[in-house]
Structures are given as structure tokens and as C-alpha cells.
Amino acid sequence: QVQLVESGGGSVQAGGSLRLSCAASGLPYSRYCLGWFRQAPGKEREAVARLKSDGITSYADSAAGRFTISQDNAKKNLYLQMNSLKPEDTAVYYCAADTVNNWIGVCPVVTDYYDYWGQGIQVTVSS
């Protein structure tokens, strides 16, 4: 059973930085995808950054160059370093895992493929 628990959210002014963490337990040794998603009020949940078990990363256009997804060597924690934050980054951020599919290339952006989700954590960026 996979469990994902996010931490590190909060409030920051525009231009600031935050680092989100996701404590992951029960992940398979290989062939999985991890992702950070976000959902703003009144909007659909969207993929922000994804990381495949072989190390391939991918980013939404809105996050590229500002956000970095990473995993520690023990593969127990997933991180999202967010720099140059903007008010439009305000959302609830979720950590998710796809442990079923074996993707060639990058991890998917479609939320339906992810079978485990964290509880979400609020990030608020003020102008």
C-alpha cells in the first residue's frame, strides 16, 4: 500500500520560494511515476511536474525554469522546489503516484493514471 504525505506549504510573497516535500512509503522498486499536481479554486487539477523512476523529469510550461522536481537517493521523499513564485501559483498542491503503468518516455499528465494521492497542501502567493 502506497502512502503519500505532503508538507512544506504555506504563504509567501511573489518572487519568493517554497519547497514542498512528499513522504512516500510503499513505492515499488522501479517502474513508477511520481507527480506534483495543483488545483486552484474553480479550476481543474493540473500536472505541474513529473518524475519517472528512471529519473526522467517533465514540467508544465508554467513551471519550467522555476520549479524543480527531485527525489532523494533512498526514494523515500519527493520534492518540489518552487522559485520565483507568482500569485497564479496559488493552489492546493498534491503529490501522486502511478504504480500500475510502465511508461516509455515521460510520465503522464492525465490525473486518471495516478492511483495514489496525498491529501494536498495549500500554497498561497501574495502580490
Side-chain angles (χ1 to χ4, degrees):
Q1 182 76 7
V2 175
Q3 290 189 322
L4 304 170
V5 180
E6 301 98 338
S7 62
S11 297
V12 65
Q13 288 193 328
S17 298
L18 279 175
R19 189 193 197 202
L20 302 183
S21 299
C22 174
S25 60
L27 286 173
Y29 179 76
S30 62
R31 297 182 179 181
Y32 60 82
C33 276
L34 294 172
W36 285 102
F37 292 76
R38 68 186 181 188
Q39 188 166 18
K43 295 188 176 181
E44 291 188 353
R45 193 170 297 187
E46 63 176 359
V48 176
R50 294 102 66 205
L51 181 147
K52 207 162 68 158
S53 52
D54 60 4
I56 294 176
T57 59
S58 48
Y59 296 89
D61 289 345
S62 60
R66 300 188 299 128
F67 294 3
T68 303
I69 188 171
S70 62
Q71 191 177 23
D72 62 6
N73 289 337
K75 297 189 176 182
K76 297 292 187 183
N77 295 288
L78 180 72
Y79 303 102
L80 184 68
Q81 177 66 43
M82 303 186 293
N83 299 327
S84 302
L85 283 161
K86 304 175 181 179
E88 51 263 44
D89 294 318
T90 295
V92 176
Y93 283 70
Y94 298 88
C95 172
D98 169 9
T99 64
V100 174
N101 302 289
N102 184 23
W103 297 98
I104 296 174
V106 300
C107 292
V109 297
V110 176
T111 58
D112 289 349
Y113 288 119
Y114 291 81
D115 47 333
Y116 293 98
W117 291 84
Q119 80 284 1
I121 194 162
Q122 179 70 43
V123 171
T124 302
V125 184
S126 58
S127 57

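This chain uses plain numbering: 1 for the first residue, then up along the sequence. What's counted below: heavy atoms across the whole structure, side chains too, no hydrogens, waters or symmetry copies.
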Hey, quick one: are Val12 and Tyr93 part of the same hydrophobic cluster, counting side-chain heavy atoms closer than 4.5 Å, chains of contacts allowed?
-> yes
With sequence neighbours excluded, give me every salt bridge (charged side-chain N to carboxylate O under 4.0 Å, His left out) pair touching residues 64-73.
-> Arg66-Asp89
Residue pairs fulfilling disulfide (SG to SG under 2.5 Å) with at least one residue in residues 44-96, sequence neighbours excluded | Cys22-Cys95
Pairing residues for Tyr94 by the ring pair (Phe, Tyr, Trp, His ring centres under 6.0 Å) criterion, not counting sequence neighbours = none
For Glu46, all residues meeting side-chain hydrogen bond (donor to acceptor under 3.5 Å, both in side chains), sequence neighbours excluded | Arg38
Any donor and acceptor pair, going by atom type alone, linking the side chain of Asp54 with main-chain N or O of Ile56 inside 3.5 Å?
-> yes
Does any pair with a residue in residues 45-82 pass ring-ring contact (aromatic ring centres under 6.0 Å, His included), and if so which ones, sequence neighbours excluded?
-> none
Heavy-atom closest contact (Val2 atom, Ala97 atom, distance) | CG1-CB, 4.5 Å
Please check if the side chain of Gln119 supplies one atom and the backbone of Val5 the other of a donor-acceptor pair under 3.5 Å.
-> no
Sequence neighbours excluded, the answer for salt bridge (charged side-chain N to carboxylate O under 4.0 Å, His left out) partners of Glu88 is none
Is there a side-chain contact between Tyr114 and Arg45 (heavy atoms, below 4.5 Å)?
-> no
Residue pairs passing the salt bridge (charged side-chain N to carboxylate O under 4.0 Å, His left out) test with at least one member in residues 96-125, sequence neighbours excluded, are none
Quick one: are Val48 and Met82 in side-chain contact, heavy atoms under 4.5 Å?
-> no
Sequence neighbours excluded, which residues qualify as side-chain hydrogen bond (donor to acceptor under 3.5 Å, both in side chains) partners of Gln122?
-> Thr124
Set of side-chain hydrogen bond (donor to acceptor under 3.5 Å, both in side chains) partners for Asn73, sequence neighbours left out | none
Applied to residues 6-30, the ring-ring contact (aromatic ring centres under 6.0 Å, His included) test, sequence neighbours excluded, yields none
Asp61: partners by side-chain contact (heavy atoms from CB on, under 4.5 Å), with sequence neighbours left out | none
Test item: Ser53 side-chain N/O and Tyr32 main-chain N/O as donor-acceptor pair under 3.5 Å | yes
Mind jotting down which residue pairs meet the disulfide (SG to SG under 2.5 Å) criterion with at least one end in residues 98-127? Sequence neighbours excluded, please.
-> Cys33-Cys107
